[in-house]
Structure formats: C-alpha cells, structure tokens
Amino acid sequence: MTDTNKVVWRDEPLRIGGRPIANWLNASASELTARVIARLVDELPIYRELPREEVYGEISAIIQHNMELFATLIRERRAAYDSELVEQRNSAARRAEEGVPLDAILHAYHVGIGLAAEELFAGADPDEMGDTQVVIGMVLDFLRRLTIAVSAAYLEERQIMESQENSGRRSLMSALVAGEPVDAVVRRTGLRVAPHYLALSLAIDENTDERGYGVSGTVAARRKLRRLQAELDRITGEPALTVIDSGGGTALIPCPASPPDWEELRQMVERARVVVGADLRVAGAIAEPAAVPAAVHETSEIIALVARSGRPPGLYRLSDVLLEYQLSRPSPAHLELARLLEPLASKPELMQTLEAYVASGLNRRATAATLHVHANTVDYRMRRVFELTGLNPSDPSDLPQVGAALVAKRALG
C-alpha cells in the first residue's frame, strides 16, 4: 500500500485542459481567493458581521494559503502533512473564540476547494482522464484532511472555553449560595453579578429513555440534562448557574432586568417538562445576591414539602404551600398534631385513603378512582377514621385539624 504522504516525483506535471495545473493554480490563487471571499460575504451573514479587516485580512490569507498549498501538493503529487495544516487549525481556534459557527467555517473551506476544482477541471480533455482522476482523488483527500484538522481544532478550543466558563459559573454559584464575597470570583472569571437571581430547586422524574439499562440509560440521562440546561438558559436569556443531576438539584437564573412574571415562569416550566420528557417539580424564589442563601434554603424546603405531600408536577412558591410550610416548622404542637392520627398507624389502608380523600378536595369518587376501589369503600373507611380518631374530614370544623395533622405527620417522617 502506498504512503499517501510520500513525495512521488513524475517527469511530467499533471495537466488538465492543456495546462500544468500546479503552475496555473499558483498564478490564479489571488483571483480565486477574491471570488471565494465575495461568495462567502454574499451567502453567509456571519461573514458580513465580522470586522472587514478580519475577512479581507486573516481569512483571505488562509484561503490563499490553501490554494498555494494545494498547488504544491499537486506539483509533488502527495497528501498534506499535518505540519502544513497548522495555520488552518490556529485560524479555526480563533473563530471558535469569536463564536463563529463551525458550519460557517467548514462552508468556507468547501466553497474555496469547490471554486478551485471548478476551474481546475474546466476544459478537461478525454486524453487527460488519467491526470483528472489523480487530481479528483487529491481534491477529496485535501478536503477530508482540512475538515478533520479544522473541526478538531475548533471543538478543542470550544471545549477549553466551555470548561473555563463552567468552572467560573460553578465558582460564582458556590460563592452566592454560601453567602461568601464574590469579588474575587468576578475578577478571576470576568462574570457579572446580576441584580436579582431566580433561585430554583428542582425534582426531576425519570423519562422513558432513562429506564434502559447501562449505556443507553446513562446517555438518555445526559441528554435530558442538556435539554433542561438549555431551557433554563432560555428563561432570561442568561446562562443559568446550575448544580443538577438526573434527579434534580439547584439553579440560579440571573435576572439582569426585571424578574420574570410567575405565570410566564409556569409556562416555561411546562415547556421544559415537555422538552425533557419527564415530570418536573420546581420551587422558586426571587432574591438579591445577598439573599440567595436564604432563597435556596427556602426553595429546597418547599420542594421537599411538595414531594412529601404528593403534589402534581409544576412550579411552586412559598404562597402555594404556606400552611404546610408553617406547620413543618419545629414546635411543641408538632408531635401533638401528629398524635391525632396515631390510631391509624397500624391501618395503612385507612391512612392512605384519608390522605387521598383530603388531596382530592373531599371528592369520594375521585378518591375511589385514585385508589382503584369502590366509592362505598371510601365511605366505609372514612367512617372508620372518624370512629378511631374522633375526627371527621367531611366536617368543616374538623377538616383544618385533619389537614394539620397530616402535614405534621409528614414533617416528622
């Protein structure tokens, strides 16, 4: 097998259309470069937005360098060495820093090689089929090597940048949640502290894909988190500070302007639920930077209350769980409230039915449907609850005590 990087000298230069094409490509490099630049500016908005001196300076120079390099490869009938693609890799890394999309960079290389190839093969004669086939193979090989080198350099630079950004965001989040000074983090990372943060505590259910075993389940969990991160970043248009795994965690959403409306937030949480394909229970609170620790503590307690009480997926704030939150505070009445339900301790079916009955708004048919029993069974069990505890959930005067006792019992575990 022939080494594609090896120089293979020939007495006769490769010719197409009667021209020694290496010499022609060298002589035409400047003209072809100008045509490539004009086409890029016309076809891709990103190249119109870049500084003019960059487009007609560095980018133009890279395109001409490729033309001249390919002329050398044709003359020497060989593939490009890795060392000859250093400038292209460095240029790709700089474009990554500037945020130029990778597809726009690769488009530029394809346009350049495509235009050169059109000119190279113009006027090809049937007698030159051998040389034409050699050049076609060299064009494809050069484009392949360029694509690999440029893509690898671009992605490596993006990975480094994202690692630095993530590290900086994680440091800022740690300082905010701990209530520590953030000045040093801001100086080191260049990140800004927002005037307000939306503190979120999240509980995330598994989606269907995660229930697979091994690698498939792990990949599904990572995809779910990436989609969730993207949705959190959409809330205010600012990157969210997050510490989240597949089961939940904490997020701080910077609010550079006015904090988002709660109804709008509810819609965003619902959208996120659809996008990640899993139920979300989210507790939120708005706080200034100094109040972030208290807000995170509050939302973590709210989400724990929501989970214990079996509330449906959605967005919650303190006003949604005021009674449960207050009754979950340690107090001498805690134990006494829980003891009201002690007679049901050995009868789990009665406790389960009582909880479902209260959660349904005292709707016996809804309770029966939840528990998959007959409505008459619900009536019978509620009578037994009354006989054992002396509390009748259907009596407006007893219902507050029943609700408080259930909250206290859940709070005590």
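Along the sequence shown, residues carry numbers from 1. Just so it is clear, the values below take in all heavy atoms, side chains as well, and ignore hydrogens, waters and symmetry mates.
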Would you check if [X] and [Y] make a side-chain contact, meaning some heavy-atom pair closer than 4.5 Å?
X: Arg52; Y: Val55; answer: no
X: Ile16; Y: Trp24; answer: no
X: Thr250; Y: Met173; answer: yes
X: Leu406; Y: Met351; answer: yes
X: His107; Y: Leu40; answer: yes
X: Leu200; Y: Leu232; answer: yes
X: Val243; Y: Val177; answer: no
X: Ile37; Y: Tyr47; answer: no

For Pro400, which residues count as a side-chain contact (heavy atoms from CB on, under 4.5 Å) partner, sequence neighbours excluded?
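side-chain contact (heavy atoms from CB on, under 4.5 Å) list for Pro400, sorted by chain: empty.
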
Partners of Leu172 by side-chain contact (heavy atoms from CB on, under 4.5 Å), sequence neighbours excluded?
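Listed in chain order: Leu176, Val182, Val185, Leu191, Val193, Tyr197, Leu241.
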
For Arg89, which residues count as a salt bridge (Lys or Arg N to Asp or Glu O under 4.0 Å) partner, sequence neighbours excluded?
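Result, salt bridge (Lys or Arg N to Asp or Glu O under 4.0 Å) vs Arg89: none returned.
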
Partners passing side-chain hydrogen bond (donor to acceptor under 3.5 Å, both in side chains) against Arg48 (at least two apart in sequence or in another chain)
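With sequence neighbours excluded, Arg48 shows a side-chain hydrogen bond (donor to acceptor under 3.5 Å, both in side chains) to no residue whatsoever.
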
Mark yes when over 12 heavy atoms from residues, nucleotides or ligands other than Arg188 sit less than 6.0 Å from its CZ; otherwise mark no.
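It does: Arg188 CZ has more than 12 such atoms within range.
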
For the side-chain contact (heavy atoms from CB on, under 4.5 Å) test, which of Leu143, Val139, Ile113 pairs with Phe70?
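Among Leu143, Val139, Ile113, the one meeting side-chain contact (heavy atoms from CB on, under 4.5 Å) with Phe70 is Val139.
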
Has [X] got a side-chain atom pairing as donor or acceptor with [Y]'s backbone, closer than 3.5 angstrom?
X: Asp125; Y: Gly18; value: no
X: Arg281; Y: Arg311; value: yes
X: Ser91; Y: Glu87; value: no
X: Arg364; Y: Val378; value: no
X: Asp233; Y: Pro239; value: no
X: Arg158; Y: Ala96; value: yes

Could you walk me through whether Tyr109 and Asn66 satisfy the side-chain contact (heavy atoms from CB on, under 4.5 Å) test, starting with their C-alpha distance in whole Å, then the side-chain angles of each, then the deciding distance to 0.1 Å, before giving a yes or no?
CA-CA 9 Å; Tyr109 281 97; Asn66 284 328; 3.0 Å; yes

As an exercise, state the distance from [atom1] of [X] to [atom2] of [Y], rounded to the nearest 0.5 Å.
X: Lys224; Y: Ile244; atom1: NZ; atom2: CD1; result: 10.5 Å
X: Met138; Y: Ile74; atom1: CE; atom2: CD1; result: 5.5 Å
X: Glu157; Y: Asn90; atom1: CD; atom2: CG; result: 10.0 Å
X: Met382; Y: Leu354; atom1: CE; atom2: CG; result: 5.0 Å
X: Thr33; Y: Glu31; atom1: OG1; atom2: CD; result: 9.5 Å
X: Phe142; Y: Leu69; atom1: CZ; atom2: CG; result: 4.5 Å

Show your reasoning for whether salt bridge (charged side-chain N to carboxylate O under 4.0 Å, His left out) applies to Arg19 and Glu128.
CA-CA 11 Å; Arg19 303 168 298 183; Glu128 299 167 332; over 6 Å; no

Between [X] and [Y], is there a side-chain N and carboxylate O pair less than 4.0 Å apart?
X: Arg78; Y: Glu84; value: yes
X: Arg144; Y: Asp141; value: yes
X: Glu58; Y: Arg95; value: yes

Derivation and outcome, side-chain contact (heavy atoms from CB on, under 4.5 Å), residues Ile62 and Ile59:
CA-CA 5 Å; Ile62 284 291; Ile59 294 176; 5.8 Å; no

Give the C-alpha distance, both sets of side-chain angles, the deciding distance and a yes or no for side-chain contact (heavy atoms from CB on, under 4.5 Å) between Thr236 and Leu198.
CA-CA 10 Å; Thr236 63; Leu198 170 62; over 6 Å; no

When you check the side-chain N and O atoms of [X] and [Y], is any donor under 3.5 Å from an acceptor?
X: Thr377; Y: Arg381; result: no
X: Glu119; Y: Ser28; result: no
X: Ser30; Y: Gln64; result: yes

Under the ring-ring contact (aromatic ring centres under 6.0 Å, His included) test, residues paired with Tyr316 that sit two or more places apart:
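Per chain and number, Tyr316 pairs via ring-ring contact (aromatic ring centres under 6.0 Å, His included) with no residue.
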
Where at least one partner belongs to residues 260-277, residue pairs that pass salt bridge (charged side-chain N to carboxylate O under 4.0 Å, His left out), sequence neighbours excluded:
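Sorted pair list: Glu231-Arg271, Arg266-Asp320, Glu270-Arg273, Arg273-Asp279.
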
